[in-house]
Amino acid sequence: MEDYKDLFAEAMTQMQKGAFLVADDNVMTIGWCQLGIIWGKPVCTVFVRQSRFTHDVLEHADHFTVSVPKIGEMAKELGYCATHSGRNTDKFMEGGIARIPSRSDAPAGVSGCSMHFECRILSRTEMDLSRTDSGVTARYYGSNQATPDGDPHTVLFAEILNAYRE
Ligand SMILES: Cc1cc2nc3c(=O)[nH]c(=O)nc-3n(C[C@H](O)[C@H](O)[C@H](O)COP(=O)(O)O)c2cc1C
């Protein structure tokens with residue numbers, strides 16, 4: 001694995017316009033992702049709302065891969081993966097999105113990106129909106145979300161098995 005701490009800083013900068021979260025054969029755009037050290041391991045934390053098809057897939061998955069494009073690149077693909085659901089679309093096939101072979105048991109990431117994080121899920125937790133700042137709840141978990149309960153995120157913590165530049 002490359003020196004992941006160098007990649008962390010770069011990835012967090014590049015992530016500002018979105019990244020790809022691959023779970024099995026589905027891919028969605030994410031904006032919220034944290035990279036750090038937890039439990040003595042390099043860990044990637046992602047936030048997936050319960051309404052997403054990706055959420056259903058991850059309930060039964062052990063791994064996921066985060067692929068991070070260079071800032072300003074792959075805007076079309078990021079837009080496509082944010083506006084289509086794997087529930088009724090094969091986004092890789094129909095969106096013309098190519099994959100790069102995986103180096104582990106994690107799913108193959110999105111080809112053409114700057115870097116990839118192959119991850120194994122260590123833990124999941126559901127957001128408890130009753131114990132969340134009211135400003136955050138009002139802004140991000142109102143009844144205008146996909147489900148009337150505010151469509152809270154499941155937070156997934158995953159060990160980074162491989163971190164590398166493409
Ligand atoms: C820039 C951007 C960032 C996003 N980040 C997230 C995120 O971190 N978590 C999430 O649940 N949805 C996020 N979304 C929404 C999903 O990408 C979108 O709902 C997608 O269609 C879900 O696909 P799926 O149904 O195949 O899982 C984001 C959308 C955009 C445009």
Side-chain angles (χ1 to χ4, degrees), residues 7-8 10-36 38 43-99 102 106-119 121-129 132-133 135-160 163:
L7 291 187
F8 280 6
E10 216 175 310
M12 292 315 299
T13 308
Q14 299 194 357
M15 197 99 61
Q16 289 170 23
K17 297 282 183 191
F20 298 101
L21 171 61
V22 181
D24 285 349
D25 287 327
N26 189 49
V27 50
M28 83 167 201
T29 301
I30 55 167
W32 294 1
C33 173
Q34 296 184 324
L35 299 164
I38 313 179
V43 165
C44 173
T45 305
V46 294
F47 296 71
V48 180
R49 288 195 192 263
Q50 292 171 6
S51 65
R52 312 297 188 222
F53 179 66
T54 301
H55 182 275
D56 299 357
V57 174
L58 287 172
E59 283 295 292
H60 307 287
D62 296 323
H63 297 85
F64 62 74
T65 296
V66 172
S67 298
V68 186
K70 282 210 176 79
I71 286 186
E73 293 188 0
M74 304 190 78
K76 187 168 77 70
E77 291 85 351
L78 286 169
Y80 183 84
C81 292
T83 52
H84 293 74
S85 176
R87 207 166 263 123
N88 44 35
T89 312
D90 179 337
K91 289 188 242 183
F92 283 110
M93 188 81 86
E94 292 174 37
I97 295 168
R99 302 181 79 167
S102 171
V110 172
S111 177
C113 284
S114 160
M115 61 186 87
H116 305 273
F117 297 91
E118 297 179 359
C119 305
I121 298 167
L122 296 173
S123 183
R124 303 165 167 85
T125 188
E126 312 302 324
M127 277 202 63
D128 181 349
L129 298 182
T132 300
D133 174 80
V136 169
T137 307
R139 174 148 186 205
Y140 295 99
Y141 303 98
S143 54
N144 59 334
Q145 294 296 338
T147 55
D149 63 352
D151 198 8
H153 288 92
T154 295
V155 184
L156 296 104
F157 304 89
E159 177 178 6
I160 300 170

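Everything quoted here is computed from the prediction, not taken from an experiment. We count ligands from 1, going down the list as the structure has it; atoms in each ligand are counted the same way.
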For this session: Could I get the full list of salt bridge (Lys or Arg N to Asp or Glu O under 4.0 Å) partners for D25, not counting sequence neighbours?
Result: R99
At under 4.0 Å between heavy atoms, which part of [X] makes contact with ligand 1: side chain, backbone, both or neither?
X	result
C33	neither
N26	side chain
K17	neither

For the side chain of [X] and the backbone of [Y], is there at least one donor-acceptor N/O pair under 3.5 Å apart?
X	Y	result
D24	N26	no
S67	V110	yes
T29	L78	yes

For [atom], the protein heavy atom that lies nearest, with its residue and separation:
atom	value
atom 21 (O) of ligand 1	H84 O, 3.0 Å
atom 11 (O) of ligand 1	R49 N, 2.9 Å
atom 10 (C) of ligand 1	M28 CE, 3.3 Å
atom 27 (O) of ligand 1	T54 OG1, 2.6 Å

Exercise. Picking from E77, H116, M28, what satisfies side-chain contact (heavy atoms from CB on, under 4.5 Å) with F20?
Worked result: E77
Problem set entry | pair T45-L35: side-chain heavy atoms closer than 4.5 Å | no
Exercise. Can you check whether F117 reaches T65 side chain to side chain, under 4.5 Å on heavy atoms?
Worked result: no
Quick one: which ligand 1 atoms are inside 4.0 Å of a heavy atom on [X]?
X	result
C81	17 (O), 20 (C), 21 (O)
S85	24 (P), 25 (O), 26 (O)
F53	24 (P), 25 (O), 26 (O), 27 (O)
V48	11 (O)

For this session: Evaluate the criterion ring-ring contact (aromatic ring centres under 6.0 Å, His included) for residue pair Y140 and H153; output intermediate values, then yes/no.
Result: CA-CA 10 Å; Y140 295 99; H153 288 92; 8.3 Å; no
Among [options], whose heavy atom sits nearest [atom]?
atom	options	result
atom 30 (C) of ligand 1	A19, A82, G31, A23	A82
atom 23 (O) of ligand 1	R87, K91, R52	K91
atom 16 (C) of ligand 1	V27, T29, I30	T29

For this session: Using distance alone, decide if ligand 1 has a nitrogen or oxygen within less than 3.5 Å of any nitrogen or oxygen in G18.
Result: no
Exercise. Do any nitrogen or oxygen atoms of F47 lie less than 3.5 angstrom from nitrogen or oxygen atoms of ligand 1?
Worked result: yes
Seminar exercise, completed: Sorted by chain and residue number, the side-chain contact (heavy atoms from CB on, under 4.5 Å) partners of Q16 (sequence neighbours excluded) come out as T13
Exercise. Does some non-hydrogen atom of A146 fall short of 4.0 Å from ligand 1?
Worked result: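 Heavy atoms of A146 never come under 4.0 Å of ligand 1.
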Problem set entry | Distance-only donor-acceptor check, side chains Q14 and E73, under 3.5 Å |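 Per modelled atom types, Q14 and E73 side chains form no pair under 3.5 Å.
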Problem set entry | Distance-only side-chain donor-acceptor flag, H84 / T89, under 3.5 Å | no
